[in-house]
**Q** 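Please read through the structure below; I'll follow up with questions.
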Amino acid sequence: MVDRIRDILARFPENEAAVRQLIQGSQVFDALCEQYADTDREVTKIVRTENGETSPEARILHDRRRAIEEEILTMIEGYTPV
């Protein structure tokens, strides 16, 4: 679990409690965190190659990561503690 949310916690440290609650209580949020981590690994792998940062594949992955991040943030902002 920690590996999946490490990047999310680093990105949104002010929402740590909400992230931890959501990861335990929402399969959708858990899946989004996993998608984010997987996409981030793919971006890192592509960027390490020559001209990787400017490749079309890198741009697609950056866009995908940004979209997933927006979904995650929407869930965090909509979270109401029980």
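Note: hydrogens, waters and symmetry copies are ignored here, and every other heavy atom, side chains too, is used.
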**Q** Does E71 reach the side chain of T74, with side-chain heavy atoms less than 4.5 Å apart?
**A**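 With C-beta onward as the side chain, the pair stays apart.
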
**Q** Hey, are the side chains of R64 and E42 touching, using non-hydrogen atoms and a 4.5 Å cut-off?
**A**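 Contact flag for R64/E42 side chains = yes.
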
**Q** Verify whether one side chain among R65 and H62 offers a donor that lies under 3.5 Å from an acceptor in the other.
**A**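 A donor-acceptor contact under 3.5 Å links the two side chains.
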
**Q** Considering non-hydrogen atoms only, spot the tightest contact between R66 and D63 and give its length.
**A** NH1-OD1, 2.9 Å

**Q** Roughly how far apart are T39 OG1 and E34 CD, rounded to 0.5 Å?
**A** 10.5 Å

**Q** Which heavy atom in I46 sits nearest to a heavy atom in S55, and how many Å separate them?
**A**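 Heavy-atom minimum between the residues: CG2-OG, 3.6 Å.
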
**Q** With a 4.5 Å cut-off on side-chain heavy atoms, are E69 and F12 touching?
**A**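 Yes - at least one pair of side-chain heavy atoms lies under 4.5 Å apart.
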
**Q** Without swapping roles, check the side chain of S26 against the backbone of L22 for a donor-acceptor pair under 3.5 Å.
**A** no

**Q** Any side-chain heavy-atom pair from N15 and E77 closer than 4.5 angstrom?
**A**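 The answer is no; the side chains never approach within 4.5 Å.
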
**Q** Within a reach of under 6.0 Å around CD of Q27, are more than 12 heavy atoms found that belong to other residues, nucleotides or ligands?
**A** no

**Q** Do I23 and L73 belong together in a cluster built from hydrophobic side chains that touch within less than 4.5 Å?
**A** yes

**Q** Between I76 and F29, which heavy-atom pair has the shortest distance, and what is it?
**A** CG1-CE1, 4.0 Å

**Q** Could you report the tightest heavy-atom contact between Y36 and I8, atom names first, then the distance?
**A**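 Distance-wise, the nearest heavy atoms are CD2-CD1, 3.5 Å.
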
